[in-house]
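Only one structure is covered here, and it is reproduced in the block below.
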Amino acid sequence: MSYAEIYQRSLTDPEGFWRERAEELPWIEFPPTILDQDDNGAWRWYRGGKTNSCWLAVDRHVDEGRGAQTALIYDSPATDQQISYTYADLRERTARVAGGLVALGVGKGDRVVIYMPMVPEAVVAMLACARIGAIHSVVFGGFASPELASRIDDARPKVILTASCGIEFANVIPYKPLLDEAVRLARYKPDKCVVLQRPQCLAELNADQDLDWVRWEAASEAVDYVPLDATDPLYILYTSGTTGKPKGVVRDNGGHAVALHWSMQAIYGVDTGDVFWAASDVGWVVGHSYIVYGPLFRGCTSVLFEGKPVRTPDAGTFWRVIQDHKVASFFVAPTAFRAVKKEDPDCKLKRQYDVSSLRYQFVAGERLDTPTYHWLKEHLGIPVIDHWWQTETGWSICANMVGIELMETKPGSPTLPVPGYDLRILGEDGRELGPGEEGAVVIKDPLPPGGFPTVWEDHERFVESYWAAYPGFYLTGDGGYRDEDGYVYIMGRIDDVMNVAGHRISTGELEEVVANHPAVAECAVVGVADPDKGQVPLGLLLLKDGVNIDPQALESELIQMVRQTIGPFANFKRAVVVKRLPKTRSGKILRQVLRKMVDGIPYVTPSTIDDPDIVPEIEAILRQEGVLSTPSDLG
Ligand code: COA
Ligand code: AMP
C-alpha cells in the first residue's frame, strides 16, 4: 500500500488500523478495547491489554531464539571502551537490577529517578524499572541540582540511581555532589541512592543513604517481569513548558510499544537484526524512544554512544562508529552535524571510513537548516530525512516514511504527517488555514498510540496547556504551514520555549533565575538565531533603581547563576542592560515582538504597547553591543 492509502486508512478507521499494528507484537493478553476515554476524558489506547515493556524489549527476543544477538553496543570514546551486550546478557543484568530495586522496597507504581550519563547501566536501570512496573524518570545529566531537586519533589522517587560522574569531552563532571545538593534542596527525600562508581572519579558514599551499584547488583536476585496494564505508566519525562515548572510527560506501556515497534520499520526502515544508532542522550525523549525502547522492541542492535561529534577524538567519530558497528540507520540532531561541518567542511574525514552500511540519515530535535541539509545530501549520497516530533508525542508527527514509500524530500520540510496524526494548521480564530498560510500546528484528537495521556499528577495542566486553546485539537506549540502538496514546514515555537543545540529550554525558567539577581528589577529572555546551536538565549535586563553595577560583571554573575541553577547546556552567555522593556498597557512583556526583532523578522508593534519606540531603542542597544551583528548562515 502507498503512504497516501495507509495515511487515509489510519484516519478513517483508526481502531482497525491500530488493532493491526498491535497484532504485529506479542501480548501477554491482547487488548479487548483498542480506543476509549478514561475517567479524565483523555483518549487511551489498548485498555485492558496486558504487557510488559521490559519483556517486549528483552525477554521475548531471548525466548524467540535471539538471545545471542547483540542488543546493545556501548561505544565510548570518552572512556576508550567498546562493550557489546547480547539480548541474553541484557536479560540477566536487567532481571538482577530489578531484583535489587524490589529488595529496596520498589514495586509497581513507585517512582525511580535515574540521573546517569551514557553508560549501559542507564539502559539496564530503565528496563529494570519497566520489568517490575516501577515508573522511571530519567533526568538529563546536564541539569544542575535545583532542576534535579524540582523533579525529585514532583516525582517523589523511592530510589535514585546514579553514577559517580559523567564525561564531557575531556572534562570529568562529578555527579554525586550535584545529587547530594539536589537531595538537600528537595523537600521529598528518597529512601536510597545507588551509585555506579566510575574509575574516572570515585564518589564518597554516605552509609545511611548510598549503596555501591556493583555490590548491590551482585547481591541481588533476578526477578521475572510482571504483567502490566497497557495503560499503566512506563515513565515520566520532564520537559520545559512556558512556565518555570517543568511538565512531567507520562508515557504508558501498550500504545508506546505498538507505536515505537511499528515506527522502526515504517519510519526508520530497519528491522530485527539491523543496527540502529540514535546519537542523543538517555535523558531526552530521543534517548528513551530510539536508544532504548524502539530498537529493542524491534529486535535491532542499538548503539549507546558516550562521546561528541567532534573532539572525541575528531570530527570523523560519527563515520568511525558507523563503520565499526555497520550502522544501517543513523539519527542525530542537526546541531551535531553543524559541529562536524565546522571542523571538517569538506567532509574529508569520512573518506577514511567505510560507511556503506548506512542506508538512511535521520535528523530531528530542531529545524534542519538548508545549508546543513545540502551538506549532508552532498557528502552522504543517501536519503537525508528530517522528521519532526516532541517529548509529548514520543515519536514522529511528520516524517518521510522510508519503510512505506520514500517520497520526494523538500529542504526545510519534515515531509508529511505520519499515519495516526490528523494534522491541521489553525489561525488565531481557530479557522483552518490553507496552503502557504502560517498558523498553529495542531493535531485533531485523539493522538495516536504513544502520545501522552496526562501530565504527572496534574491533569488540569495537561488540559490547560495542550487542549484548551483549540478544543478538540492538541496544541504542539510549534508554528508552521503546509504547501500545495501538503508538505509540512515547521517554523519554530509559538510559545516561550527555545531550542538550544537540540535542547528544549523554557525562557520562563531562565527568566526566573535571572530575575533572582539582586540588581535585576525585571528581565525578558529571548532566543536568538545562532549558526552553531540553532538558537541561544539572550537576557534583556532592567536594573533596579539606584543600582550601579558593571554590566560585564553582572553578565558573568548571571551566567554562573544559570549554570548552577539550570545547567551549562542552556548556553546562557549574553545579558544586556536595556532602559525599558516593551509591555502592553496591562504590563505583559511583548516577547513575541522581541523574538521577531532579534531574528530580524519584520514585526508589527501592537497598538496595546505603552510606547512604540521601546523596541527600536532595544534594537539599537543590541546592535551597539554587537549582539545583533552576528551573521547567521541558517537558511
Ligand atoms: N552533562 C554535563 N554537562 C553537559 C552535558 C551533560 N550531559 N551536556 C552538555 N553539557 C555541557 C557541556 O559540557 C557544555 O559545558 P561548557 O559550557 O562548560 O563547555 C555546555 O553544557 C553546552 O553544551 P552543548 O550546547 O550541548 O554543547 P557541546 O559542545 O557539549 O555539544 C552537541 C554539542 C552538538 C554534541 C550537543 O549539543 C548535542 O548532542 N546536541 C543534541 C541534543 C539532542 O540529542 N537532542 C535531542 C534531539 S535529537
Ligand atoms: P523535545 O520535546 O525536546 O524533543 O523538543 C521538541 C521541539 O523541538 C518541537 O516542538 C520543535 O519545536 C523542535 N523540533 C523537533 N524536531 C524538529 C524538526 N525536525 N524541525 C523543526 N523543529 C523541530
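One-based numbering along the sequence shown. We count ligands from 1, going down the list as the structure has it; atoms in each ligand are counted the same way.
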Can you say whether the rings of Y7 and Y3 are parallel (under 30°), tilted (30 to 60°) or perpendicular (over 60°)? parallel
Between T239 and ligand 2, does any nitrogen or oxygen pair lie at a separation below 3.5 Å? no
For residues V514 and V562, report the shortest heavy-atom separation together with the two atoms involved. CG2-CG2, 4.4 Å
For L368 and ligand 2, does the shortest N/O to N/O distance drop below 3.5 Å? no
Applying a 4.0 Å heavy-atom criterion (strictly less than), which segment of W284 is in contact with ligand 2: side chain, backbone, both, or neither? neither
Would you check the N or O atoms of D478, main chain and side chain alike, for any that come under 3.5 Å of an N or O of ligand 2? yes
Centroid-to-centroid, W395 to H256, below 6.0 Å? no
Taking every non-hydrogen atom, the tightest pair across G316 and D314: N-OD1, 2.8 Å
Contact summary for R198 and L202, nearest pair of heavy atoms: O-CD2, 3.6 Å
Quick one: are the ring centres of Y74 and F305 less than 6.0 Å apart? no
Any idea which protein heavy atom is nearest atom 20 (N) of ligand 2, and the distance to it? E366 O, 3.3 Å
Select all protein residues for which some heavy-atom-to-ligand 1 distance is less than 4.0 Å, and list them by chain and number. F140, G141, G142, E168, F169, S280, V286, K308, P309, A333, T335, A336, A364, G365, A501, G502, H503, K533, R563, P568, F569, N571
Within 6.0 angstrom of Q81 CD, more than 12 heavy atoms from elsewhere: yes
Between T391 and ligand 2, which part of the residue brings a heavy atom under 4.0 Å of the ligand: side chain, backbone, both or neither? both
Going by the atom numbers of ligand 2, which of them fall below 4.0 Å from some non-hydrogen atom of D386? 18 (C), 19 (N)
Should the proximity of N499 to ligand 2, defined as any heavy atom under 4.0 Å, be assigned to the side chain, the backbone, both, or neither? side chain
Centroid-centroid under 6.0 Å between F276 and F330 rings: no
CG of N171: more than 12 outside heavy atoms within 6.0 angstrom? yes
Classify the ring geometry of Y235 against Y293: parallel below 30°, tilted from 30° to 60°, perpendicular beyond 60°. parallel
According to the interplanar angle, ranging from 0 to 90°, do the rings of F452 and Y474 count as parallel (below 30°), tilted (30 to 60°) or perpendicular (above 60°)? perpendicular
Is ligand 2 under 4.0 Å from a heavy atom in the side chain of R493, in the backbone, in both, or in neither? side chain
Validation row, ring centre F318 to ring centre W277 under 6.0 Å: yes
Are G365 and ligand 2 in contact, using a heavy-atom cut-off of under 4.0 Å? yes
Tell me which protein heavy atom sits closest to atom 5 (O) of ligand 2, plus the residue, atom name and distance to 0.1 Å. R504 CD, 3.5 Å
Tell me the contacting part of H503 for ligand 2: side chain, backbone, both, or neither, using a 4.0 Å heavy-atom threshold, strictly below. neither
